[in-house]
Amino acid sequence: MKYFVLAVVLIIPIPIGCGDVFTFPVFQHFSACPNNPGLSIGAEGSFDGGSVRDNVVWSGRGRLWTLYTGAQFGVPPYNPTIGIAWSKDGCTWAKGEQVIVPDPAVPECAGGVFSPGMYYDAQADVLTVAVSCISDPAKWYTGPIRIAELQAKANADWASSASYQWQNGGRPVLANSQSWEGEQGVYAPSIAASGSNYYLYYSSSSVGTYQTGIAVSKSPAGPWVKSDQNPITPSDTNCEEPAPIYSSSGNVYLLCDTVGIDREGANIFSLTGTDPMQRREWSARGVFDFPDRTSWSAGEIGSQSLVELSDGRVLLTYNGKPAGTQSDVRAIGFAYLAFQNH
């Protein structure tokens, strides 16, 4: 596979003090957790003994939580499933068990589940989880990938696999159907809410070009209607695995990978209007290169997730892998940052 690298990075982070404190047109005061990676692979033969990656983070019930992709192997057939972990401080994490596994009753999702997204309704205490799913565990990257959903009801034990119930009979709620979406399918869902609407952000790719689409629903469990303006990101940014955050300041930001363009950072977009379904209302803000470039993440950083805490700080998660390896053995790091004042 060949990669093409752009000669110019749009915006470069500028150090303003210590080595882990940076400014950027969106972020400031980036500080990686000193014990990174916060989540590493499990014991050989375990569900996450090959790789941990592609996670989503949220705050609820007085803790921080993450659902993460655990691969049994770092090479095909991978056997991806989803595990859970929790934390009090965002840096030190305790692993739970494997909580979401493929649905053998639905052929489209019988081979593997990975790259989870979620929406937590704190008032109702209902957790909705969207997952990428495949029919063949060896085709994690080639697909076709579809998106299915599960829910954990009020008072459910999030650390128990019995708590997660498939929605729509376990059948996918989103598949590739628009002309820009390639044969790889649709994957890496993220769910956000604004007003009375819920928005599902997702990835697709075609001939090495990665872009982000969006769909809307009146429920976090769908049904979902795709925007007729998709994709909402331009082809030259290679925006994959979108991670939106709706900040308390009213600003909406979108982070996503920079596939083949910058292996050290993330694309940053901001919503300049009020309707995220409209492509013209998204503005590219540049590429943010992560200061956390130690041995565990020197090869590549990607797959972000963010949650804003009550004190205004933002917890950011991302996965990384060492330099010089062809396998997909990855770990997950955590960092705190703050939004710039606008």
Side-chain angles (χ1 to χ4, degrees), residues 1-11 51 53-56 69 78 80 112 114-117 130-134 139-147 174-192 199-215 224 226-227 229-245 253-271 276-277 279 282-290 299-306 317-321 328 330:
M1 182 179 294
K2 296 182 179 179
Y3 296 98
F4 298 92
V5 180
L6 291 183
V8 178
V9 175
L10 297 180
I11 302 174
S51 189
R53 54 178 300 168
D54 297 26
N55 65 315
V56 62
T69 303
Y78 301 115
F114 55 98
S115 297
V131 297
S132 311
C133 61
I134 47 175
K139 295 182 178 179
W140 185 353
Y141 285 111
T142 58
I145 310 170
R146 300 171 178 89
I147 294 171
L174 210 69
N176 51 328
S177 61
Q178 294 183 327
S179 60
W180 69 278
E181 298 166 348
E183 294 181 0
Q184 187 181 15
V186 294
Y187 57 96
S190 290
I191 304 174
Y199 298 99
L200 189 151
Y201 297 77
Y202 66 94
S203 295
S204 191
S205 66
S206 180
V207 197
T209 298
Y210 297 82
Q211 292 178 274
T212 287
I214 189 171
W224 298 98
K226 294 179 181 178
S227 170
Q229 297 293 305
N230 281 341
I232 59 172
T233 59
S235 60
D236 60 355
T237 61
N238 264 16
C239 176
E240 185 192 33
E241 300 186 340
I245 181 166
Y253 301 110
L254 178 69
L255 275 69
C256 53
D257 285 3
T258 55
V259 184
I261 295 175
D262 184 334
R263 290 176 174 264
E264 301 179 2
N267 285 301
I268 314 292
F269 292 84
S270 64
L271 184 65
M277 300 283 281
R279 182 193 306 128
W282 287 99
S283 176
R285 303 297 297 276
V287 175
F288 176 70
D289 279 341
F290 288 71
E300 185 174 344
I301 284 179
S303 303
Q304 302 81 35
S305 177
L306 308 94
T317 81
Y318 46 95
N319 69 55
K321 71 175 184 177
D328 230 2
R330 294 176 183 253

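Ser177 OG to Asn230 CG: the interatomic distance, rounded to the nearest 0.5 Å, is 9.0 Å. For the atom pair CD1 (Ile268) and OH (Tyr253), the distance works out to 10.0 Å, reported to the nearest 0.5 Å. Rounding to the nearest 0.5 angstrom, the gap separating the OG atom in Ser190 from the CG atom in Leu306 is 9.5 Å. The structure places CD of Glu264 at 5.5 Å from CG of Asp289, a figure rounded to the nearest 0.5 Å. In this structure, Arg146 CZ and Tyr187 OH are separated by 15.0 Å, a value rounded to the nearest 0.5 Å. The OG1 atom of Thr69 sits 11.0 Å away from atom CZ of Arg330, with the distance rounded to the nearest 0.5 Å.
Side-chain polar atoms of Ser205 and Gln184 form a donor-acceptor pair below 3.5 angstrom. Under the 3.5 Å distance criterion, with hydrogens and angles disregarded, a donor-acceptor pair is assigned to the side chains of Asn55 and Thr317. For Ser115 and Asp54, the side-chain atoms include at least one donor-acceptor pair closer than 3.5 Å. Side-chain contact annotation: Ser303 with Glu241, donor-acceptor N/O pair under 3.5 Å present.
The two residues Met277 and Ser227 come nearest to each other via the heavy atoms O-OG, 2.6 Å. Contact between Gly213 and Trp180 at its shortest, heavy atoms only, is N-CH2, 3.6 Å. Cys256 approaches Phe269 most closely through the heavy-atom pair SG-CE1, 3.8 Å. Considering every non-hydrogen atom in both Val259 and Glu240, the closest pair reads CG2-OE1, 3.0 Å. Among all heavy-atom pairs drawn from Gly208 and Asn238, the shortest one is O-ND2, 3.6 Å. Shortest non-hydrogen contact noted between Ser235 and Gln211 is N-NE2, 3.3 Å.
Counting only distance, with no hydrogens or angles, the side chain of Ser132 and the backbone of Ala188 share a donor-acceptor pair below 3.5 Å.
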Tyr78 and Trp140: ring-ring contact (aromatic ring centres under 6.0 Å, His included), yes or no, with the steps? CA-CA 8 Å; Tyr78 301 115; Trp140 185 353; 4.9 Å; yes

side-chain contact (heavy atoms from CB on, under 4.5 Å) evaluation trace for Ile147 with Leu200: CA-CA 10 Å; Ile147 294 171; Leu200 189 151; 4.2 Å; yes

Begin from the C-alpha positions of Ile191 and Tyr199 and carry the test side-chain contact (heavy atoms from CB on, under 4.5 Å) through to its verdict. CA-CA 6 Å; Ile191 304 174; Tyr199 298 99; over 6 Å; no

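Around atom CD of Glu183, no more than 12 heavy atoms belonging to other residues, nucleotides or ligands sit under 6.0 Å away. Crowding of Lys226 atom NZ: a count of heavy atoms from other residues, nucleotides or ligands under 6.0 Å exceeding 12.
With a 4.5 Å cut-off on side-chain heavy atoms, Asn176 and Ile145 do not count as touching. Within the 4.5 Å cutoff, the side chain of Leu174 has heavy atoms near those of the Tyr202 side chain. Between Pro231 and Thr212 there is no side-chain heavy-atom pair separated by less than 4.5 Å. Residues Leu271 and Trp282 form a side-chain contact, since some pair of their non-hydrogen atoms from C-beta on lies under 4.5 Å apart.
A distance below 6.0 Å separates the ring centres of Tyr318 and Phe290.
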